[in-house]
Amino acid sequence: MTVEKTAELTGHGNPIFTLELSQKPGILFTGGNDKGLVEWSLKDNSFIKVMFQVAASIYAVHGPVELPLLFTGLRNGDVLVFDFMKQQLQPALKHHQKPIFDIKSVNKKMELLVASEDGTVSVWSMETFELLHTIKVSKDTIRCIAVSPDEKQVAFGCRNNQIQIYDLEDYSLLKTLNGHTMAVFSLQYAPDGSYLLSGGRDAQVKVWDTVSYNLLHNIPAHLFAVNSIAFHREQPYFATGSMDKSIKIWGADDFKLYKNISREKGYAGHQLSINKLAWNGNQLLSVSDDKKVIVWEVNFGS
């Protein structure tokens with residue numbers, strides 16, 4: 001496996017907290033502690049425009065599959081709704097008073113899940129934008145959401161070190177997973193749904209079986225918090241990004257470390273915390289507190 005840095009996108013004036021690929025190929029959105037959501041071209045690695053202005057930092061961006069919508073969660077608790085057909089913002093989803101840390105959709109139910117620092121997840125209709133339910137998941141912050149590939153279950157990662165598994169049919173609590181010794185910052189189901197990965201502020205990545213939710217493996221993955229986990233769509237690998245400024249690529253079947261992308265290993269990588277990762281084919285995209293977006297070309301054949 002070889003990794004080459006192919007582009008560095010600069011323009012953000014403050015830390016970048018999140019990123020989301022558009023359904024339109026070659027388009028990337030990034031948000032952070034800036035005044036707006038930024039659109040980039042990955043075809044020529046250039047800045048396109050600021051999509052819209054924001055009143056508070058952006059912590060979460062989500063574009064549901066096959067819907068012309070982009071949801072943006074802000075530090076002030078608002079969720080902004082951008083309609084690509086109308087090319088404008090729609091009325092914001094206003095419910096939470098505290099920061100929004102993650103947004104995910106349940107496409108077969110046309111529902112949107114919004115996780116907040118207030119310990120609740122709000123459930124919205126993606127057709128009418130009405131608030132349908134509020135789930136009290138924790139007494140403290142909910143940092144991340146992962147929806148299982150079959151959309152039958154959802155996992156919430158909490159600041160109290162727990163992972164809460166809910167049934168997406170009726171939003172009943174199925175299981176509480178204890179294992180992390182610090183807050184859970186990242187969650188991802190394997191593409192085939194056979195296991196759930198969790199990354200914590202304790203620098204550990206844990207592998208949970210999705211039938212029993214027993215702990216299968218513990219990976220001492222990083223030196224500091226694991227902020228992001230991203231599975232490759234075709235290849236049997238996943239990447240982790242950390243507060244320790246490194247990106248690591250692991251085998252999704254053997255959980256072995258295959259690549260450590262860091263300055264210590266000679267890569268011109270990020271100089272501060274890596275906050276979010278995404279795969280665009282064999283390109284791995286990373287955003288950081290250092291205000292940069294980096295594009296890495298990963299060749300799995302060597």
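What's counted below: heavy atoms across the whole structure, side chains too, no hydrogens, waters or symmetry copies. Not measured: the values here are computed from a predicted model.
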Is the closest side-chain heavy-atom distance between [X] and [Y] below 4.5 Å?
X      : Y      : value
Leu67  : Met126 : yes
Arg263 : Gln271 : yes
Phe71  : Val81  : yes
Lys276 : Ser286 : no

> Salt-bridged, Lys291 to Asp289, with N to O below 4.0 Å?
Replying inline: no
> Does Asp118 come within less than 4.0 Å of Lys98, counting only side-chain N to carboxylate O?
Replying inline: no
Inter-residue atom distance [X].[atom1] - [Y].[atom2], 0.5 Å rounding:
X      : Y      : atom1 : atom2 : answer
His217 : Asp254 : NE2   : CG    : 9.5 Å
Glu297 : Leu284 : CD    : CG    : 10.0 Å
Lys175 : Trp208 : NZ    : CH2   : 10.0 Å
Tyr258 : Ile249 : OH    : CD1   : 12.0 Å
Gln188 : Ile229 : CD    : CD1   : 6.5 Å
His12  : Phe47  : NE2   : CZ    : 8.5 Å

Are [X] and [Y] linked by a side-chain donor-acceptor pair shorter than 3.5 Å?
X      : Y      : result
Glu117 : Tyr59  : no
Ser228 : Asn275 : no
Asp202 : Gln204 : no
Gln164 : Thr176 : yes
Asn218 : Lys206 : yes
Asn33  : Ser57  : yes
Asp83  : Gln88  : no

Exam field: side chain [X] to backbone [Y], donor-acceptor pair closer than 3.5 Å:
X      : Y      : value
Asp244 : Leu223 : yes
His232 : Glu234 : yes
Asn161 : Ala183 : yes
Ser125 : Glu127 : yes
Asn280 : Gln283 : no
Ser242 : Val226 : no
Thr141 : Arg159 : no
Lys248 : Ala221 : yes
Glu4   : Asn299 : no
Asp78  : Leu80  : no

In terms of heavy-atom contacts, does [atom1] of [X] have more than 12 from other residues, nucleotides or ligands at under 6.0 Å?
X      : atom1 : answer
Lys108 : NZ    : yes
Lys109 : NZ    : yes
Phe224 : CZ    : no
Lys292 : NZ    : yes

[X] to [Y] - nearest heavy-atom pair and separation:
X      : Y      : value
Ala239 : Ile247 : CB-CG2, 4.4 Å
Leu272 : Ser288 : O-OG, 3.2 Å
Pro191 : Pro149 : O-CG, 3.5 Å
Val123 : Ile135 : CG2-CD1, 3.9 Å

> Going through the checks in order, is the side-chain hydrogen bond (donor to acceptor under 3.5 Å, both in side chains) test met by Asn227 and Ser273?
Replying inline: CA-CA 9 Å; Asn227 289 329; Ser273 174; 3.1 Å; yes
Would [X] end up clustered with [Y] when hydrophobic side chains under 4.5 Å apart are linked, directly or stepwise?
X      : Y      : result
Tyr171 : Phe156 : yes
Leu42  : Val38  : yes
Val114 : Val147 : no
Ile16  : Val50  : yes
Val121 : Leu174 : no

>> Please evaluate residues Asp44 and Ser46 with respect to the criterion side-chain hydrogen bond (donor to acceptor under 3.5 Å, both in side chains), reporting the C-alpha separation (whole Å), side-chain torsions for both, the decisive distance (0.1 Å), and the verdict.
In response: CA-CA 6 Å; Asp44 55 10; Ser46 63; 2.6 Å; yes
> After noting the C-alpha distance and the side-chain angles of Asn14 and Asp34, does the key distance pass the side-chain hydrogen bond (donor to acceptor under 3.5 Å, both in side chains) rule?
Replying inline: CA-CA 6 Å; Asn14 287 297; Asp34 272 332; 3.2 Å; yes
>> Exactly one of His133, His95, His96 should register a side chain to side chain donor-acceptor pair (under 3.5 Å) with Ser122. Which one does?
In response: His96
> In terms of the angle between their ring planes, are Phe255 and Tyr195 parallel, tilted or perpendicular, with boundaries placed at 30° and 60°?
Replying inline: perpendicular
> Which word best sums up how the rings of Phe238 and Trp250 line up, parallel for under 30°, tilted for 30 to 60°, or perpendicular for over 60°?
Replying inline: parallel
> Is the NZ or CZ atom of Arg143 positioned over Phe185's six-membered ring, under 6.0 angstrom from the centre and within 45° of the axis?
Replying inline: yes
>> Could you walk me through whether Trp296 and Thr6 satisfy the side-chain hydrogen bond (donor to acceptor under 3.5 Å, both in side chains) test, starting with their C-alpha distance in whole Å, then the side-chain angles of each, then the deciding distance to 0.1 Å, before giving a yes or no?
In response: CA-CA 6 Å; Trp296 306 93; Thr6 54; over 6 Å; no
